[in-house]
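Below is one structure, written out as structure tokens, with a few remarks after it.
Only this structure's heavy atoms are used, side chains among them; waters, hydrogens and symmetry mates stay out. Order of the sequence lines sets the chain letters (A, B, ...), proteins ahead of strands, with each chain counted from 1.
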Number of protein chains: 2
Amino acid sequence: MKTYDRIRVAVVEDDEVLREAMVEALEPDPALKVVGAFADAEAFNAAVHERPPTVVVMDLNLPGMSGIECTRRLKLHWPQVQVLVCTVQDDDDSLFNALCAGATGYLLKDARPAQVVEAVKTIASGGSPMSAGIARRVLASFNAPRKAAKEIDLLSQRERQVLEELARGLRYKEIADTLNLSIDTVRTHVRNLYDKLQVGSRTDALNKLYPR
Amino acid sequence: MKTYDRIRVAVVEDDEVLREAMVEALEPDPALKVVGAFADAEAFNAAVHERPPTVVVMDLNLPGMSGIECTRRLKLHWPQVQVLVCTVQDDDDSLFNALCAGATGYLLKDARPAQVVEAVKTIASGGSPMSAGIARRVLASFNAPRKAAKEIDLLSQRERQVLEELARGLRYKEIADTLNLSIDTVRTHVRNLYDKLQVGSRTDALNKLYPR
DNA sequence: ATCTACCGCCCCCGAACGTTCGGCCGGACC
DNA sequence: GGTCCGGCCGAACGTTCGGGGGCGGTAGAT
């Protein structure tokens with residue numbers, strides 16, 4: 001009979017006490033197998049080349065290379081490895097940079113050991129565990145960009161249409177054609193919407209409406 | 001002694017059987033109070049004006065106004081109301097449109113009644129409950145935009161710098177100043193990076209590099 | 001009936017932009 | 001040696017863009 005395939009877990013955490021506690025929580029679980037515990041990103045990187053784990057429990061605040069950068073590099077070479085961030089950092093920068101780097105889970109350090117174990121299993125089975133407040137902030141980020149442009153509702157319907165085509169990179173002449181207008185009319189609308197948006201160029205308008 | 005403040009819950013669900021089942025699952029819980037159950041968005045809208053609930057369990061596929069549109073309008077007037085989407089729709093469009101509309105929870109209909117009750121409590125206490133696969137897709141959306149631009153690594157170092165400033169809306173003269181170049185040199189770089197990117201204008205380049 | 005906002009069109013002008021040419025230099029390749 | 005190529009720089013040129021006027025018409029609000 002084939003033995004059960006245990007989830008291969010690695011831990012990257014500079015605090016020795018926490019790291020040991022983490023391992024002690026994970027190891028006894030029959031579904032998990034801790035294949036490495038590292039005090040910094042460099043040690044982890046050196047070891048991962050041999051055989052990558054299934055899940056990496058990653059601290060963010062590491063000496064040397066940050067956990068975010070470590071995550072980025074890891075996902076670059078082994079996209080299938082799941083990174084579960086476990087950190088005290090609960091600011092938006094850390095959170096979203098980690099997610100953009102490829103993390104698929106985010107726990108705060110106030111999580112109890114049992115929760116970490118549960119999260120590892122969740123992430124390995126296709127889920128994305130997050131602390132409660134974290135999940136809320138992630139979802140809130142989707143409708144937050146409402147504040148992007150407030151002046152936009154100062155625009156008339158026509159001006160919005162012109163802006164639309166403007167944003168697509170069409171020249172005045174082309175906009176005039178697609179909207180059945182004269183070039184000078186387009187010009188007028190552009191002028192008006194520019195000072196409503198308080199910008200001085202096409203690119204300014206784009207950067208104002210769709211900030212990156 | 002003051003009675004415990006129960007979470008006021010409304011249900012918007014067109015399927016009568018599901019709606020009733022939902023209510024039957026929620027009502028007995030001592031922490032919850034079902035203040036309304038509606039078969040469509042219009043009925044809900046008419047009733048919500050009196051006193052909005054704390055949490056709305058919202059179906060997406062409704063007759064008439066969609067659950068997404070209903071959510072958008074609801075959040076417009078009562079941003080503090082939490083919307084928990086509960087639907088069979090598990091496509092990315094429904095998901096992200098709902099989130100952009102202001103939903104702060106997303107359950108698939110395969111959730112068990114007890115999970116729905118749990119999710120309502122979670123969402124009321126500042127969390128954001130999601131089905132496992134949903135959460136993963138949400139987080140994956142953050143590092144997905146890797147595919148942004150492919151031709152970008154054809155650019156030389158100088159051209160990348162110019163492009164950077166170009167994207168910020170700076171004029172050629174300004175770019176020349178910040179990079180200590182002649183305006184004409186900037187022009188040349190722009191020209192070269194334009195045909196590497198196969199575009200014909202600043203705006204084209206932006207739309208190619210940062211598609212919305 | 002006046003005022004205001006939006007729409008459409010026209011003229012002009014200076015500045016910015018996109019394009020075409022050319023030159024210089026260093027490395028690669030025959 | 002020669003030659004090809006790419007990155008870098010520059011001058012000149014025609015076009016587009018941003019911004020300034022003004023004119024007429026419609027629709028709603030005061």
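- Between B/Lys196 and D/dG6 there is no side-chain N or O to OP1 or OP2 distance below 4.0 Å.
- Residue-level contact check: A/Thr188 touches the bases, meaning some heavy atom is under 4.0 Å from a base atom.
- Atom pair A/Arg187:CZ and C/dC9:P shows a separation of 13 Å (rounding to whole Å applied).
- Atom CD of B/Gln157 and atom C1' of C/dG26 are 18 Å apart (whole Å).
- At least one side-chain nitrogen or oxygen of B/Ser182 sits closer than 4.0 Å to the OP1 or OP2 atom of D/dG10.
- Rounding to whole angstrom units, CG of residue B/Asp204 and C1' of D/dT16 are separated by 14 Å.
- Summarising the geometry, the separation between CD1 on B/Ile175 and P on C/dA16 is reported as 12 Å, rounded to the nearest angstrom.
- For D/dC9, the OP1/OP2 oxygens have no side-chain nitrogen or oxygen of B/Thr185 closer than 4.0 Å.
- One can place CG of A/Leu154 at 13 Å from C1' of C/dA5, the figure rounded to the nearest angstrom.
- The side chain of B/Arg171 lies closest to C/dA16, out of C/dG8, C/dA16, D/dG10.
- Among the heavy atoms of the strands lying under 4.0 Å from B/Ser156 are primed sugar atoms or P, OP1, OP2 only; no base atom is included.
- Within 4.0 Å of B/Arg202, counting heavy atoms only, lie sugar-phosphate atoms of the nucleic acid but no base atom.
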Please set out all donor-acceptor pairs under 3.5 angstrom arising from side-chain atoms of residues 7-18 of chain B, sequence neighbours excluded.
| residue | atom | partner | partner atom | Å |
| --- | --- | --- | --- | --- |
| B/Arg8 | NH2 | B/Arg51 | O | 3.2 |
| B/Glu13 | OE1 | B/Lys109 | NZ | 3.2 |
| B/Glu13 | OE2 | B/Asp15 | N | 3.0 |
| B/Asp15 | OD1 | B/Val17 | N | 2.9 |
| B/Asp15 | OD1 | B/Leu18 | N | 2.9 |

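- If you check every strand for non-hydrogen atoms under 4.0 Å, B/Leu181 touches sugar and phosphate atoms only.
- Looking at B/Arg160 and B/Glu164, no side-chain N of the basic residue comes within less than 4.0 Å of a carboxylate O on the acidic one, giving no salt bridge.
- None of B/Val186, B/Val190, B/Ile183 except one satisfies the side-chain contact (heavy atoms from CB on, under 4.5 Å) rule with B/Ile175; the exception is B/Val186.
- Using a cutoff of 4.0 Å between basic side-chain nitrogens and carboxylate oxygens, A/Arg168 and B/Asp204 are not scored as salt-bridged.
- Look at CG on A/Asp184: it is 17 Å from P on D/dG24, rounded to the nearest Å.
- Under the Watson-Crick or G-U wobble criterion, with both distances below 3.5 Å, C/dA1 has no partner in any strand shown.
- The phosphate of D/dG6 (OP1 or OP2) has no side-chain N or O of B/Arg158 nearer than 4.0 angstrom.
- Ion pairing of B/Asp177 with B/Lys173 is present here, as a side-chain N (NZ or NE/NH1/NH2) and a carboxylate O approach within less than 4.0 Å.
- With both pairing distances under 3.5 Å, C/dA28 is matched to D/dT3 as a Watson-Crick or G-U wobble pair.
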Q: Apply side-chain contact (heavy atoms from CB on, under 4.5 Å) to A/Tyr106 and A/Ser94, showing your working.
A: CA-CA 10 Å; A/Tyr106 201 106; A/Ser94 297; 3.7 Å; yes
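- Residue B/Tyr194 places at least one side-chain N or O under 4.0 Å from the OP1 or OP2 atom of C/dG18.
- For C/dT19, the OP1/OP2 oxygens have a side-chain nitrogen or oxygen of B/Arg191 closer than 4.0 Å.
- D/dG7 atom C1' lies 13 Å from atom CG of B/Leu193, rounded to whole Å.
- Between the C1' atom of C/dG18 and the CG atom of B/Leu166 lies a distance of 11 Å, rounded to the nearest Å.
- Between B/His189 and D/dC9 there is a side-chain N or O to OP1 or OP2 distance below 4.0 Å.
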